[in-house]
J.: 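Got a structure here, written out as C-alpha cells. Questions coming.
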2 protein chains.
Amino acid sequence: MVTKQLKDTSDGVDLRRADSLAREIFSDVANKWALLIIEALGDDTLRFTRLRDGVEGISHKMLSQNLRMLERNGLVERTVHPTVPPRVDYALTEPGRALRATVDGMCAWTQRHLGHIEASRQRFDG
Amino acid sequence: MVTKQLKDTSDGVDLRRADSLAREIFSDVANKWALLIIEALGDDTLRFTRLRDGVEGISHKMLSQNLRMLERNGLVERTVHPTVPPRVDYALTEPGRALRATVDGMCAWTQRHLGHIEASRQRFDG
DNA sequence: CCGGATCCTTGAGGATACTG
DNA sequence: CAGTATCCTCAAGGATCCGG
C-alpha cells in the first residue's frame, strides 16, 4: 500500500490535524499559564508556594492543574519530601528546559516589539 | 530616589506583573488559536476561508476574533479588495514573521519530543 | 504545606442568522 | 465572501474547605 506523502512547507509538524497527538500536545502547552510556569521555573527548583509567587495572578487551582498536566507530559519533575509538613519541589526536566528556550524566545520577542505593538493598538483603537 | 533593580535570571522581561503591558501582550499571543493561525499563515497571503481551512477545528467566530486581535497588535495585515463579492487577504507583518520563527521552534520541539511525551503520559496515567 | 473536592460564577466558544 | 451580532451551552477558573 502506497501512502501519499504531503509536502510540508515548514518543518513538517502535522499540527494541522486537530486530532493528532502533536496537536493535542501543542494545545496543552500553548497556553498562557503553562508557559508562564515554565518561564518561572527556569533552572530553579521551586516549592509549590514559591512557584505560586513567581507567577503573579495565578490561582492555587490553576497552578495545581497545570503542574499536573506538565508532569503528565514529562516537562516537569515533581519531588515529594516525606516530611511534615510536606515539601514538594518542582523542576523542569530536560524536555521542559528545551521548551523553555523557545519560550524565552517569545518573551524576548514581546520585549522587542512592545513599542510597535502599543503604537499599533492605539492606531487600531482610534 | 534609589530604585532597587531586581536581577533577572533570563532576559529581563517583566512578565511577572500581571498588569504590565508585556504580560498583556503575552497573554494575547500565548494561546493555541493565535499561534496556530500564525503558523498557518507562514509566508503566504491567505483569504479568510482559505485560512479557515488551514487551521483545522477553528470556528468562524474564533478565527474572526483572533484575526482582529492579531491585527490590533500589528502582527497581521488585513487587505480589503473592494470587489464584489469582497475579498480580504491576510498576511503576517514583519513582527508577525519574527514571532512565527519562535512558534516554529515550538512546533519543532513538539515533533522532537512526541515519543518522550507519549511515554510519560502512559506512565502517568497508569 | 500540598492539593484534591465542591460549589458557583463568568466568559469562551459553537451555531445560526443577518448585513454589506 | 467576509464579518458582526445573538443566543445558548458548557467548561474554565475563582473561592473555600477539608484531608494527608
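Within every chain, numbering begins at 1; the chains are lettered A, B, ... in the order of the sequence lines, protein sequences first and strands thereafter.
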J.: Contact class for B:R52 (heavy atom, under 4.0 Å): base, sugar-phosphate, or nothing?
T.: nothing
J.: B:T110 side chain to A:A22 main-chain N or O, any donor-acceptor pair under 3.5 Å?
T.: no
J.: Measuring from the side chain of B:P85 (C-beta onward, heavy atoms only), which nucleotide among C:dC1, C:dG13, D:dC1 has the closest atom?
T.: D:dC1
J.: Applying side chain to side chain contact (heavy atoms under 4.5 Å, CB included), run through A:L67 and A:R78 and close with a yes or a no.
T.: CA-CA 9 Å; A:L67 279 174; A:R78 181 168 169 273; over 6 Å; no
J.: Has A:N73 got a side-chain atom pairing as donor or acceptor with A:L75's backbone, closer than 3.5 angstrom?
T.: no
J.: Suppose we call a contact any N or O donor and acceptor under 3.5 Å apart; does that hold for the side chain of A:H60 and the base of D:dG14?
T.: no
J.: With respect to the side chain of B:R68, which nucleotide from C:dG13, D:dT4, D:dG3 is positioned closest?
T.: D:dT4
J.: Kindly say if A:R78 contacts the phosphate of C:dG3, meaning a side-chain N or O under 4.0 Å from OP1 or OP2.
T.: yes
J.: Using whole Å, what does the distance between atom P of nucleotide C:dG4 and atom CZ of A:R72 come to?
T.: 14 Å
J.: Rounded to the Å, how far apart are B:E56 CD and C:dG14 C1'?
T.: 16 Å
J.: So, is B:Y90 near the phosphate of D:dG3, with a side-chain N or O under 4.0 Å from OP1 or OP2?
T.: yes
J.: Tell me: CE of B:M62 to C1' of D:dA12, nearest whole Å?
T.: 14 Å
J.: Rounding to a whole Å, what distance do you find between A:L46:CG and C:dC1:P?
T.: 15 Å
J.: In this structure, how many angstroms lie between the C1' atom of D:dG3 and the CG atom of B:N66, rounded?
T.: 14 Å
J.: Rounded to whole Å, please give me the gap between CE in B:M69 and P in C:dG11.
T.: 18 Å
J.: Assign the ring pair A:F48 / A:Y90 to parallel, tilted or perpendicular, where the plane angle (0 to 90°) is split at 30° and 60°.
T.: tilted
J.: Roughly, in whole Å, what's the span from CG in B:N31 to C1' in C:dG11?
T.: 14 Å
J.: Does the B:R100 side chain pair with the main chain of B:I38, one donor and one acceptor, at a distance under 3.5 Å?
T.: no
J.: Counting side-chain heavy atoms from CB outward, which of C:dG14, D:dG20, D:dA15 is closest to A:K61?
T.: D:dA15
J.: Distance check needed: C:dG3 P versus A:L63 CG, whole Å only.
T.: 8 Å
J.: Does C:dG4 have its OP1 or OP2 closer than 4.0 Å to a side-chain nitrogen or oxygen of A:S64?
T.: yes
J.: B:Q65 or B:R47: which one's nearest nucleotide on DNA chain D is closer to the 5' end?
T.: B:R47
